[in-house]
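Written out below as structure tokens is the structure these notes cover.
Just so we're clear, the structure is a prediction, and the values are computed from it rather than from any experiment. The sequence lines fix the lettering, A, B, ..., with proteins before strands; numbering per chain opens at 1.
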Number of protein chains: 2
Amino acid sequence: MQGTLSRATLGRLPMYLRYIRRTNTDKISATQIAKDLGLGEVQVRKDLASVCAEGLPKVGYPVSALRRDMERALGVNVPVSAVIIGAGKLGSALMEYDGFADYGMKIVAAFDQKASALPDRHGCIPVYPMDRLSGFCASQHVQAGILTVPASSAQSAADVMVAAGLTAILNLAPVQIQVPSGVTVQQEDIALSLAYLHMAASEA
Amino acid sequence: MQGTLSRATLGRLPMYLRYIRRTNTDKISATQIAKDLGLGEVQVRKDLASVCAEGLPKVGYPVSALRRDMERALGVNVPVSAVIIGAGKLGSALMEYDGFADYGMKIVAAFDQKASALPDRHGCIPVYPMDRLSGFCASQHVQAGILTVPASSAQSAADVMVAAGLTAILNLAPVQIQVPSGVTVQQEDIALSLAYLHMAASEA
DNA sequence: GTATAATCGGTATATCAGAATCGATAACCG
DNA sequence: CGGTTATCGATTCTGATATACCGATTATAC
């Protein structure tokens, strides 16, 4: 069951998990979730069925079991360490973002070219100069990095990340970066979402 | 032709546009673009064909025509105005984000509850108190807004945006917001990306 | 106890993006 | 002037995803 999670389904699981965590009842139906989240009822049922087999007709899913299975599917019980590359406004905002722990992600440090000019710590997260990235990732076994530098330096920063041994990169800069095979890149372009949104809005 | 742009294609267009703008020849082939950008040749050709019909065998596309059609497809020539709601760290970061112009988006102002305590301007973008939102959007014909307030106040902020006449909302807060029909909401949850990143990191 | 309603889970169909293939066309070369 | 080569554009194919449908199951109402 768990090996057959499609990419699209996986993308919706955090949404369900967030919903489930805020639910106070002990049973929840796919129908209700679909209504509250604005998704198709069938799609939600299929997604839930792919991670949890304890659904009962007329009742729905036991919230505790559903939450347990979903957290397991997402691997939030096995925390992954990540670093932030780029301690500018966006990087700083992410350091204060409180949603990382909810999904098993722990920000352990940030790195920036101008780190010596910055205070050593930002909140509870240390900020180091870039040349310490490689050593840090090796000693702490960090594999994931969030890239928040400007577009102009995104590729060179990504090269440094790859050289430091990171194998998973979340790129928030509005450019496509080239990485060798074996490194996963997740592109997250906010401007693209806005453009798509407006296109969809003006079509109707 | 132009109405059938998929999201994936739309996301690649700025990459092509950047490439084209840097090109100094007067003809360019899809094959060459694909090679330089590390994409599939067929995919590039299909993308280009969806916005420009002036490709010639053996020659490629006239750069000027391709650039013109691509800029038109992206709406760069008819920029869409958008406002940012919430001038905290994330909002400030977005004001400096340089990817909006790639899609013909222009951030014209930001609004915040505590605007009186803030400097009037943030870079070149003015920051106003929330109660001026409605008048501003009406006079400037703004239809799109980016919501960057904390989760706890996202819904009330969204209500204000709807009341101000915005019809397209990009919600960056990790909560689902309810809006009346006729208003399009695009949810952009960084947690969704994190989940994918988590999976990629723990696979290796 | 039986009927009814609501929900799950699986199967089948439709839709869509991406990849591969193929014919057509235009420049280049002998 | 004919052949070769490079490139486009259309068609087809495939894999993935979303939707629709249907049988099975369980609580509830009468």
Residues that [X] engages under side chain to side chain contact (heavy atoms under 4.5 Å, CB included), provided they are two or more places apart:
X       : result
A144(B) : A82(B), A168(B)
A151(A) : P174(A), V175(A), D98(B)
L56(A)  : V59(A)
A163(A) : none

List, with names and distances, any nitrogen or oxygen atoms from the protein found under 3.5 Å away from nitrogen or oxygen atoms belonging to nucleotides 2-8 of chain D.
unit_1	atom_1	unit_2	atom_2	d
dA6(D)	O4'	K58(B)	NZ	3.0
dT7(D)	O4'	K58(B)	N	3.1
dC8(D)	OP1	A30(B)	N	2.8
dC8(D)	OP2	R45(B)	NH1	3.4
dC8(D)	O3'	G55(B)	O	3.4

May I ask you to list the residues of residues 10-22 of chain A, by number, that have any heavy atom positioned under 4.0 Å from an atom of DNA chain C?
none
Kindly state which residues belonging to residues 178-189 of chain A come within less than 4.0 angstrom of DNA chain C, counting heavy atoms of the residue only, listed by number.
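Residues of residues 178-189 of chain A that come under 4.0 Å of DNA chain C do not exist, since none gets that close.
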Output the rounded distance in Å from [atom1] ([X]) to [atom2] ([N]).
X      : N       : atom1 : atom2 : answer
K35(A) : dA6(C)  : NZ    : P     : 11 Å
R7(A)  : dG18(C) : CZ    : P     : 13 Å
L5(B)  : dA17(C) : CG    : C1'   : 13 Å
K46(B) : dA10(D) : NZ    : P     : 12 Å
K27(A) : dT25(D) : NZ    : P     : 18 Å

Under 3.5 Å, is there a donor on one side chain and an acceptor on the other for Y61(B) and D26(B)?
no
Taking atom types as modelled, is there a side-chain donor on S6(B) or R12(B) under 3.5 Å from an acceptor on the other?
no
I need the full list of side-chain hydrogen bond (donor to acceptor under 3.5 Å, both in side chains) pairs touching residues 145-159 of chain A, with sequence neighbours left out, sorted by first then second residue.
Q155(A)-D159(A)
Which residue pairs satisfy the side-chain hydrogen bond (donor to acceptor under 3.5 Å, both in side chains) criterion with at least one member in residues 75-91 of chain B, sequence neighbours excluded?
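Matches after skipping sequence neighbours: E96(A)-K89(B).
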Does Q43(B) place a side-chain N or O at less than 4.0 Å from the phosphate oxygens OP1/OP2 of dA19(C)?
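The answer is yes; a side-chain N or O of Q43(B) sits under 4.0 Å from OP1 or OP2.
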Minimum-distance nucleotide to A49(B) side chain [options: dT17(D), dA20(C), dG9(D)]:
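So the side chain of A49(B) is nearest to dG9(D).
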So, using side-chain hydrogen bond (donor to acceptor under 3.5 Å, both in side chains) as the criterion, who are the partners of [X] when residues are at least two apart?
X       : answer
Q43(A)  : none
N171(B) : Q187(B)
Q140(B) : none

